[in-house]
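What follows is a set of notes on a single structure, which appears directly below.
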Protein chains: 2
Amino acid sequence: MSERNTRQKAAVMEVLEGFPTPLAAAQILARARQIVPTISLATVYRILKGLLEKEAIAVVQLPGEVPLYEPGGKSHHHYFRCRQCGFMYEVSGCMKLLKGLVPRGFKLEDHELFLFGTCSSCTGSR
Amino acid sequence: MSERNTRQKAAVMEVLEGFPTPLAAAQILARARQIVPTISLATVYRILKGLLEKEAIAVVQLPGEVPLYEPGGKSHHHYFRCRQCGFMYEVSGCMKLLKGLVPRGFKLEDHELFLFGTCSSCTGSR
DNA sequence: TTAGTTGCAAAAGGTTTGCCGTTTT
DNA sequence: AAAACGGCAAACCTTTTGCAACTAA
């Protein structure tokens, strides 16, 4: 038989879509429990896995941190993480300039970019 | 008292410096054991931690993979990982062009970039 | 009815820590 | 001799899996 629509799946997607930044599995669990109190962490992981395969969500893998999840379908983007407040700002307009970085004969298929620094709220800039 | 010079530390550094690409903790252990057969994984981790603090080595954190370690003191660089053969090619000449990506008022302090694709050996290019 | 799902608990994989005996200085 | 250090095993954390009970269709 085919895939079922369960309260748990709906809750996970609702959490992901209702939050402005990517979330870790544990955070998703906490928020999903406000909707379906009995949902377990194992279920969250299983649902995330399924959603990833369907590309309904995407993973954000900051170096050295646990994976974060966000709704899929967004256009190509990267993140700027503020070291002061921890907030992750989406950055778009990523250049194809990267192509110039690889030697002749190399085929660049994909890339991952993370920016770190201080956001305008934290620097006091306006 | 101050830091000691042990065979284990020497072995870990020797492994790291003698290898062309970054290595994972488990790989470092395997190779270090050829020098000091009794060295343990816990010791490798403790030594790596100490070397990191002194910045004698650096970590390479590919998204979704275990941390890799390389000798420190290299100039700013990134990696191109070939999806066919898995080899990691060092890429330098990273642009400050990134600065144009962040909004006004944001202070860009650091960045992490990973390139993925196929290397020239694997494409058959010459 | 019944195959996909869920919860729970156990397992796994990687990294860290406590304890105590060993080694460098 | 003493402070560091190393080995071993246990602890930790996050993610995965086995299994019996549950539930959407």
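Values below: every heavy atom of this structure, side chains too, minus hydrogens, waters and symmetry copies. Convention: sequence-line order gives letters A, B, ...; per-chain numbering from 1. Everything numeric here is computed off the predicted structure, so don't read it as measured data.
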Nearest-nucleotide check on DNA chain C, A:Ile47 vs B:Lys49; residue mapping nearer the 5' end is A:Ile47

Distance-only donor-acceptor test (3.5 Å): side chain A:Arg46, base C:dG4:
no

Within the pair A:Gln8 and D:dT23, is there a side-chain N or O less than 4.0 Å away from OP1 or OP2?
no

Under 4.0 Å from any atom of DNA chain C, heavy atoms only: list the residues of residues 29-40 of chain A that qualify, in numerical order.
A:Thr38, A:Ile39, A:Ser40

Any salt bridge (Lys or Arg N to Asp or Glu O under 4.0 Å) pairs touching residues 37-48 of chain B, not counting sequence neighbours?
none

What pairs of nitrogen or oxygen atoms, one from the protein and one from nucleotides 12-14 of chain C, lie under 3.5 Å apart?
none

Distance check needed: C:dT16 P versus B:Leu41 CG, whole Å only.
10 Å

With sequence neighbours left out, which residue pairs that include part of residues 20-36 of chain B fulfil the side chain to side chain donor-acceptor pair (under 3.5 Å) condition?
none

Which donor-acceptor pairs under 3.5 Å do the side chains of residues 85-94 of chain B make with protein atoms, sequence neighbours left out?
unit_1: B:Glu90; atom_1: OE1; unit_2: B:Lys74; atom_2: NZ; d: 2.8

Calculate the interatomic distance between B:Lys9 atom NZ and D:dG7 atom P; express it in whole Å.
12 Å

What salt bridge (Lys or Arg N to Asp or Glu O under 4.0 Å) pairs are there with at least one residue in residues 5-21 of chain B, not counting sequence neighbours?
B:Glu3-B:Lys9

Salt bridge (Lys or Arg N to Asp or Glu O under 4.0 Å) pairs touching residues 18-27 of chain A, sequence neighbours excluded, are none

Salt bridge (Lys or Arg N to Asp or Glu O under 4.0 Å) pairs touching residues 58-69 of chain A, sequence neighbours excluded, are A:Glu65-A:Arg81

Below the 4.0 Å mark, does D:dT23 have OP1 or OP2 next to a side-chain nitrogen or oxygen of A:Thr6?
no

Any N/O pairs under 3.5 Å between the protein and nucleotides 11-13 of chain D? List them or say none.
none

Under the rule for side-chain contact (heavy atoms from CB on, under 4.5 Å), what residues qualify as partners of A:Glu112, not counting sequence neighbours?
A:His78, A:Phe114, B:Pro63, B:Phe114, B:Phe116

Please list, chain by chain and in numerical order, all residues satisfying side-chain contact (heavy atoms from CB on, under 4.5 Å) with B:Asn5, sequence neighbours excluded.
none

With hydrogens left out and only the distance checked, is there a donor-acceptor pair under 3.5 Å joining B:Arg7's side chain and the base of D:dG6?
no

What are the atom names and distances for every N/O pair under 3.5 Å that joins the protein to nucleotides 20-22 of chain D?
none

